[in-house]
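Worksheet for the structure shown next.
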Amino acid sequence: MKHFIAAILLAFSSSLAFGAELVLDVSGKITNYTDQKSKLYHFNERDLLSMKKYSIRTSTNWTGVEKFDGFLLADLLDKVGATGSNLEIHCLDGYQYTIPVSDVARYKLILAYERQGKRMGVKELGPLGLIYPKDQYPAELNNAATDAKFTWQVSKIIVK
Ligand SMILES: Nc1nc2c(c(=O)[nH]1)N[C@H]1C(S)=C(S)[C@@H](COP(=O)(O)O)O[C@H]1N2
Ligand SMILES: [Mo]
């Protein structure tokens, strides 16, 4: 019984620490699918972590200058064969925001899962957060319109 309770407590605390699973669904104007029927490309944690890693060092609305690691949004769009011109980004908390695909290449956007070398929990911009290199393009990105694009808890992208 003692072991059973310990196991439950451990499962509970690690899920709290971890927050949410690192997964992402992409749909809309794409040409490659993991699920043909629903025309969806589902990325599991292993898929996302195996993509080439990129860093952005920048401040954000919530942090000082920190290092964020993740994968290029451009690589993700390549994988799903995206053909649209806008990305509707959906988050676990219900927030959604649409960014132009042209931002992806111009700013080498990343979807980050690490902050200062540590996986981001759901309460600290994670498990996946869209990062703009705000400090590298202050004239273009240091504004309220860009702040709204820093979507955290990203769970779904619909290519439009
Ligand atoms: N998941 C998620 N991301 C989000 C938001 C949100 O509510 N949920 N708010 C956006 C907006 S409008 C801004 S200005 C910045 C900063 O939001 P905050 O100041 O409310 O933290 O995060 C953006 N990203
Ligand atoms: Mo905002």
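Atoms within each ligand, like the ligands themselves, are counted from 1 in listed order.
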- Checking Asp25 side chain against Lys156 main chain: does a donor-acceptor pair fall under 3.5 Å? no

- Nearest protein heavy atom to atom 1 (N) of ligand 1, by residue and atom, and its distance? Trp152 O, 2.7 Å

- Would you say Tyr54's side chain and Leu73's backbone share a donor-acceptor pair under 3.5 angstrom? no

- Query: Can any side-chain N or O of Glu114 pair as donor or acceptor with the backbone N or O of Phe68 at less than 3.5 Å?
  - Reply: no

- Item | Where ligand 1 meets Cys91 - atom numbers and elements under 4.0 angstrom, heavy-atom basis | 1 (N)

- Considering only protein heavy atoms, which is closest to atom 8 (N) of ligand 1, and at what distance to one decimal place? Asp93 OD2, 2.7 Å

- Nearest option to atom 13 (C) of ligand 1, as decided by whichever heavy atom of Thr60, Thr151, Asp147 sits closest: Asp147

- Query: When clusters are formed by joining ILVMFWY residues with side-chain heavy atoms under 4.5 Å apart, either directly or through shared neighbours, do Leu87 and Met51 land in the same one?
  - Reply: yes

- Message: Give me the nearest non-hydrogen protein atom to atom 12 (S) of ligand 1 as residue plus atom name, then the distance to 0.1 Å.
- Response: Tyr95 OH, 3.5 Å

- Protein heavy atom at shortest distance from atom 18 (P) of ligand 1: Trp62 NE1, 3.8 Å

- Query: Between Tyr132 and Tyr107, how do the two ring planes meet: parallel, tilted or perpendicular, split at 30° and 60°?
  - Reply: tilted

- Query: Can you check whether a protein heavy atom sits less than 4.0 angstrom from atom 20 (O) of ligand 1?
  - Reply: no

- Message: For Val122 versus Pro127, what's the shortest heavy-atom pair and its separation?
- Response: CG2-CD, 4.2 Å

- For residues Asn142 and Lys134, report the shortest heavy-atom separation together with the two atoms involved. OD1-CE, 3.4 Å

- Query: For atom 24 (N) of ligand 1, what is the nearest protein heavy atom, given as residue, atom name and distance?
  - Reply: Phe150 O, 3.0 Å

- Please say whether Gln153 places an N or O atom under 3.5 Å from an N or O atom belonging to ligand 1. no

